[in-house]
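Below is one structure, written out as structure tokens; comments come after it.
Computed from heavy atoms alone, side chains included, the values below leave out hydrogens, waters and symmetry copies. Keep in mind the model is a prediction, meaning the values are calculated, not measured.
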Amino acid sequence: MKVFNTLSRQKEEFVPLQEGKVSMYVCGPTVYNLIHIGNARPMIIFDTARRYMEHKGYEVNYVSNFTDVDDKIIKKANEEGVDPSVISERYIAECRKDMEALNVKEATTHPKATQEIDGMIEMIQTLIDKGHAYVAQDGTVYYRTRSFQGYGKLSHKNLDDLRSGGRSLLVSGEDQKQDPLDFVLWKPKKEGEPYWESPWCDGRPGWHIECSVMSKKYLGDQIDIHAGGEDLIFPHHENEIAQSEAANDKEFAKYWLHNGFLNIDNKKMSKSAGNFFTVRDISEKYDLQVLRFFMLSAHYRSPLNFSADLMEAAKNGLDRIVTSVSNLNYLMDKVQDTGMSAQEKALTEEAQVFIKKFDEAMDDDFNTADAVSAIFELVKFANTHVTEQSGKAFIQAMKDEIVMLSDICGLIVEKKEEILDTEIEALIQERQEARKAKNFARADEIRDTLAAQGIILEDTREGVKWKRA
């Protein structure tokens, strides 16, 4: 398996630090609003990479953070007159809903910045002790960028041509920097903002330090893969390298993976341009499996253009796979359970070429576009060779292969009938009895309880019907 390493700007053979195990850190969202489709791209892409590595037998420790303290969170909290934690917890919950709908697997660990402050203070102190950071007069702590000889190696920028900027937040004492390139590790509190005690001043951490600390805590001083959007290469990931390697005296990450930008109708997505879409917006028109399929239709490092026409094409493409699997299930119910004929065994062997194509595509820097093409070829093969005269074992083999490859991509192509669990069935029965007894308060309470679990009840002439929200 080869991956394109942003650090070396070339494809390299993937060799994990520890045989059979992969440590992977993916920068997560800042939770001040619903996630947008740009946020969704790295979630989907690196979830797919994780799934493929697990398919190959690796044990993957996958960490993705939530940035739950930030100027935008604080601003929204002040507008609503609530604590910032109310905003961050609300949108973490909403983000999890969207991730589940996108079939993004739960991370091994989803750390939150506010729960890792002690570790950030400890790392900052280490950097001060080693001469890589200094404390300004007002208590602001800056990283001494020129003290780290490797600065710029990820973004391939010349240190002398750089100016501080990017997402680093302006703070009081900005003029106290020893060098314009230095960036903030800790900043003093402002009125109306959350803060924590530190040896330097009451305040809060800068953005960059959180990922260095969380990666170290949950994955170790050195990790296999650090991933995220292309926009994070500079300054965020560059600053992470400087912090982590100066503090830990080790190479931070062996492989750096970055996905390309997402454009809307060939234009940059922005609220001011009126072409800004949240994942929730898309869910009102499409099953979010379509959005996932769309994201996998191009190589992850390539820019990806989002448009209504391309989403329709993605919907049609996914439908082809879903329909094929549905037809195979239908045929399996009709045919007899017989063993494979010699001809069917030969066809099953022939179909292995498509699995090989899929693996070769994914081994080549997670080329999902070519991997999806291999799935289409397998679908066409199954549609051509499976008939009502086919044996059940052969049909099962064809279906299993399509479902297996789709599952590696995180695509749900087999629609299964949803069954209420016994607890919910019991509540529906209890509600019916409450209504008969004219205990409408209890009946309404049960309806609300079920609604909270995503079960919507409909009272019809034929009886109670239900559906998932």
Are Pro235 and Phe183 close enough that some pair of their side-chain heavy atoms sits under 4.5 Å apart?
-> no
Lys105 and Glu54 ion-paired at < 4.0 Å = yes
Measure from the side-chain N and O atoms of Ser283 to the backbone N and O of Leu288, and report whether any donor-acceptor pair falls under 3.5 Å.
-> no
Evaluate side chain to side chain donor-acceptor pair (under 3.5 Å) for Asn367 paired with Asp370, printing each intermediate quantity in order.
-> CA-CA 6 Å; Asn367 189 338; Asp370 285 356; 3.2 Å; yes
Are the side chain of Lys56 and the backbone N or O of Asp363 linked by a donor-acceptor pair below 3.5 Å?
-> no
Are Glu94 and Arg90 close enough for a salt bridge, meaning some N to O gap below 4.0 Å?
-> no
With the side chain counted from C-beta on, respond yes when Tyr32 and Ile74 share a heavy-atom pair under 4.5 Å apart, and no when they do not.
-> no
Distance-only donor-acceptor check, side chains His226 and Glu240, under 3.5 Å | yes
What's the verdict on side chain to side chain contact (heavy atoms under 4.5 Å, CB included) for Tyr218 and Asn61, showing C-alpha distance, side-chain angles and the deciding distance?
-> CA-CA 9 Å; Tyr218 295 102; Asn61 187 349; 5.8 Å; no
Would you confirm whether Asp68, through its side chain, and Thr114, through its main-chain N or O, come within 3.5 Å as a donor-acceptor pair?
-> yes
Are Arg51 and Asp47 within salt-bridge range, i.e. N to O under 4.0 Å?
-> yes
Short side-chain to backbone donor-acceptor contact, Thr108 and Val63, under 3.5 Å | no
Short N-O contact, Arg280 and Glu284, less than 4.0 angstrom | no
Would you mind checking if Arg442 and Glu445 are paired as a salt bridge, meaning a charged N to carboxylate O distance below 4.0 Å?
-> yes
Sub-4.5 Å side-chain heavy-atom contact between Phe306 and Met269 = no
Output, in order, the C-alpha distance, side-chain angles, deciding distance and verdict of side chain to side chain contact (heavy atoms under 4.5 Å, CB included) for Phe252 and Ser215.
-> CA-CA 9 Å; Phe252 180 25; Ser215 179; 3.5 Å; yes
Take Arg96 and Glu106 through the test side chain to side chain contact (heavy atoms under 4.5 Å, CB included) and record every step on the way to the result.
-> CA-CA 9 Å; Arg96 287 182 183 276; Glu106 184 77 8; 2.6 Å; yes
Do Gln115 side-chain atoms and Lys112 backbone N/O form a donor-acceptor pair below 3.5 Å?
-> no
Begin with the C-alpha distance, continue with both residues' side-chain angles, and end with the deciding distance and a verdict on side chain to side chain contact (heavy atoms under 4.5 Å, CB included) for Glu251 and Leu7.
-> CA-CA 12 Å; Glu251 180 187 37; Leu7 196 64; 4.2 Å; yes
Tell me whether the guanidinium CZ or amine NZ of Lys157 lies under 6.0 angstrom from the six-membered ring centre of Phe234 and within 45° of its axis.
-> yes
